Enquirer: 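Below you'll find the structure I mean.
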Amino acid sequence: MKAKTPQAHSLSSLKERLSVAAQRDQQDGKLRSAQGFATA
Amino acid sequence: MFLRLSLPQFIDGVHSSCLARVDRGPFPDDQKQLLRATLQRLSETSSPQDWGQPLGLFYVIYRICGAQADDIALLLGQFSALYIASADLFDDVQDDDLAGKPHEQAGPALATNSALTLLTLALDALGEASEIEQDKQRALAYLRVFNRTSLVAVGAQHRDLLGFRGARTTLEVEEMHRGKTSSLALLCECAAWAGGADAVSAARYYQLGETLAAAVQVIDDVRDLVAKDISVDLATGKSTYPLACFYESVKTAHQRELSELLAQNPIDLDAVRTLLEEHGAFDRCAEAVERHRQAIFELLDQTGSAPGHRRLLIEIVDHLVSALYEPPPRDRAEAPASGAFGQRVHGAALRFAEGARPLGFQSLPQLQGWHLPTFLYVPARETVYFSDVDALPEEIAPFHSQLLAVSPREALEGVTAGLPFVVAHELTHAWRDQLGLLGQDAWHEEYVANLVAFFYVREREPAAARAVVAMCERMLAVAEHADRAGQKALVERASRSSGEASDYECTPEQAAWVHAEMLLQFAEMSGTFEEAARQWLPCQHSFAAE
């Protein structure tokens with residue numbers, strides 16, 4: 001098996017992405033434009 | 001039309017049955033309250049639509065393996081949920097971590113009794129699954145996986161409680177992790193059995209669960225170090241994966257530097273983080289997680305079909321690891337959606353591209369099926385995600401069915417009839433992106449995409465335009481809580497870019513009402529597709545000049 005060798009995000013980005021608040025933010029049932037543009 | 005259980009239905013079914021077990025038990029009222037609160041707290045940590053939770057993992061594997069028996073899946077789902085709740089509570093007692101949780105006032109003695117009760121209730125559900133399982137070999141397998149996993153878990157817990165601080169190498173830390181998270185492997189194997197897997201496949205899913213748990217643990221170790229104000233792991237002197245990566249790869253002088261930092265009181269967390277980052281410890285964590293990710297995909301390639309649910313499992317894994325690094329694309333791409341709806345999406349996209357090319361449209365983005373009822377263009381990936389109605393109709397239909405107050409079958413017929421419009425809408429976002437015009441004002445971008453797409457279908461796909469108008473009228477007619485005045489004001493505001501970043505700030509249901517309001521206004525306006533494109537995608541003139 002040949003695994004790719006990815007690089008971890010920068011420290012500041014890791015902090016933001018790994019914080020519990022950020023995780024919950026994605027789960028509160030709201031549409032968000034941060035990731036893309038949606039049609040319902 | 002026969003629709004299988006959707007994820008929210010499965011999760012609601014499992015949770016309500018777990019609570020009913022508590023209520024039926026021969027327990028005093030205050031004990032029932034504690035048990036209910038414990039289960040409620042766990043279920044509230046994620047929404048029923050979220051696949052990235054233990055029961056989401058259970059259900060996706062159940063479906064990949066064939067989804068043979070919903071009654072057994074619901075019982076084994078209860079077993080898994082109660083088992084995890086029990087293990088979690090035992091862990092909280094042993095780690096003195098009951099503060100802020102339902103057993104805070106009751107104390108450790110009653111909490112231990114509650115943990116034992118949850119385990120007994122879990123075994124009750126497991127026993128019922130074994131009783132209704134007609135194949136007795138499979139019934140025995142349910143019990144065996146419980147015993148095997150529990151023995152691994154209690155051994156690892158013993159080691160953890162003794163403060164297994166000697167683990168210096170990444171291999172030792174991985175071994176320590178493995179036992180602590182064996183409940184995820186148990187859950188994956190149970191889901192595979194319920195789905196109809198044979199012994200070989202069920203064993204593969206146990207391994208998949210172990211590997212996923214190993215990845216989760218590495219990410220959790222990094223989270224403890226970088227995303228918290230106080231690192232519990234450092235404060236308690238635990239061996240963690242990032243530390244092991246550091247010790248394994250740096251010279252003695254740097255090892256000493258870290259040991260000195262860790263000996264301080266309080267520990268200078270920023271200095272520790274910087275030292276680890278400078279020496280590539282987090283990159284090595286990312287490499288380890290990527291190895292786990294690839295191993296999961298290899299296991300998945302050896303088993304199961306159900307392309308929609310396979311893609312979901314891949315997304316669960318990719319979403320998880322994306323907190324640590326950007327996952328590279330898979331070597332082996334998943335088969336594109338090949339059902340009737342997927343083909344209609346591709347057909348509508350090709351027709352739009354052909355019609356819009358003379359006006360400056362460049363190239364089609366990727367088209368990728370997914371489980372949500374909304375379509376989405378993601379600029380960073382140049383991908384349009386569309387509802388995978390072929391493979392996951394039960395996940396898509398309820399949203400539209402509720403919005404339009406029609407049956408799930410009629411709702412999906414409506415989605416199919418209006419499809420050329422929705423595809424044109426997403427491709428207009430992509431077009432704006434290609435021209436560098438895509439702004440940060442979310443509702444203005446919706447206004448533009450709706451206008452261009454509606455004028456396109458009105459000219460080129462009139463049946464779709466009529467279907468869209470009929471659905472919008474119906475949606476607003478049956479929407480009891482819609483704020484028509486507020487929606488009209490939002491449409492008016494969205495006709496001009498505010499020039500500032502702004503979000504939708506509403507639920508998907510409210511967003512659908514605003515879209516409907518917009519489209520009914522456009523239906524009254526005159527104008528052509530070409531005029532709309534020239535106004536809102538103005539870079540076309542430079543193309544014409546070239």
Side-chain angles (χ1 to χ4, degrees), chain A, chain B residues 46-47 49-50 219 222-223 226-228 273-274 277 282-287 289-291 293-295 298 322-328 331 373-381 383 385 399 403 422 425-426 429 438 440 442 445-446 449-450 501-509 511-512 515:
Chain A
M1 179 178 58
K2 184 175 164 293
K4 306 265 188 336
T5 51
Q7 279 199 317
H9 299 304
S10 68
L11 204 46
S12 59
S13 176
L14 275 177
K15 185 167 182 152
E16 189 185 325
R17 288 161 188 264
L18 287 166
S19 69
V20 175
Q23 302 278 323
R24 288 205 180 126
D25 204 34
Q26 293 180 346
Q27 294 171 3
D28 65 1
K30 291 251 178 101
L31 267 187
R32 302 210 171 260
S33 65
Q35 288 184 309
F37 291 89
T39 12
Chain B
S46 41
S47 98
Q49 282 93 17
D50 179 14
I219 294 168
V222 177
R223 174 179 290 124
V226 306
K228 294 181 181 172
R273 289 168 182 158
T274 307
E277 191 191 30
F282 298 132
D283 288 337
R284 297 195 68 200
C285 289
E287 285 168 30
V289 171
E290 178 59 15
R291 276 197 302 278
R293 174 174 171 263
Q294 294 296 332
E298 283 212 351
S322 66
L324 185 57
Y325 62 93
E326 191 59 42
D331 289 339
T374 47
F375 284 41
L376 183 78
Y377 173 65
V378 179
R381 297 187 204 148
T383 298
Y385 291 90
F399 176 75
L403 268 179
V422 183
H425 172 109
E426 297 307 330
H429 287 314
L438 198 58
Q440 295 292 311
E445 290 303 331
E446 297 308 327
N450 276 335
S502 67
D503 218 326
Y504 298 102
E505 299 295 346
C506 63
T507 64
E509 189 182 42
H515 280 288

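Hydrogens, waters and symmetry mates are skipped; everything else that's a heavy atom, side chains included, is used. Proteins come first, then strands; the chains are lettered A, B, ... in the order of their sequence lines, and each starts at number 1. Keep in mind that what you see is a predicted model, and the values were worked out from it rather than measured.
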Enquirer: I need the B/Arg223 CZ to A/Ser19 OG distance, nearest 0.5 Å.
Expert: 8.5 Å
Enquirer: Which heavy atom of A/Leu14 sits nearest a heavy atom of B/Ala323, and at what distance?
Expert: CD2-O, 3.6 Å
Enquirer: Residues in side-chain contact (heavy atoms from CB on, under 4.5 Å) with B/Arg273, at least two apart?
Expert: A/Leu11, A/Lys15, B/Val226, B/Leu269, B/Asp270
Enquirer: Taking all non-hydrogen atoms of both residues into account, name the closest pair between A/Pro6 and B/Tyr325 and its distance.
Expert: CB-CD1, 3.4 Å
Enquirer: If you count heavy-atom pairs under 4.5 Å with chain A, which of B/Cys285, B/Pro327, B/Ala286 comes out on top?
Expert: B/Ala286
Enquirer: Verify, without hydrogens or angle tests, whether B/Asp283 (side chain) and A/Gln7 (backbone) share a donor-acceptor contact under 3.5 angstrom.
Expert: no
Enquirer: Could you look at B/Val222 and say if it's the side chain, the backbone, both or neither that has a heavy atom under 4.5 Å from chain A?
Expert: both
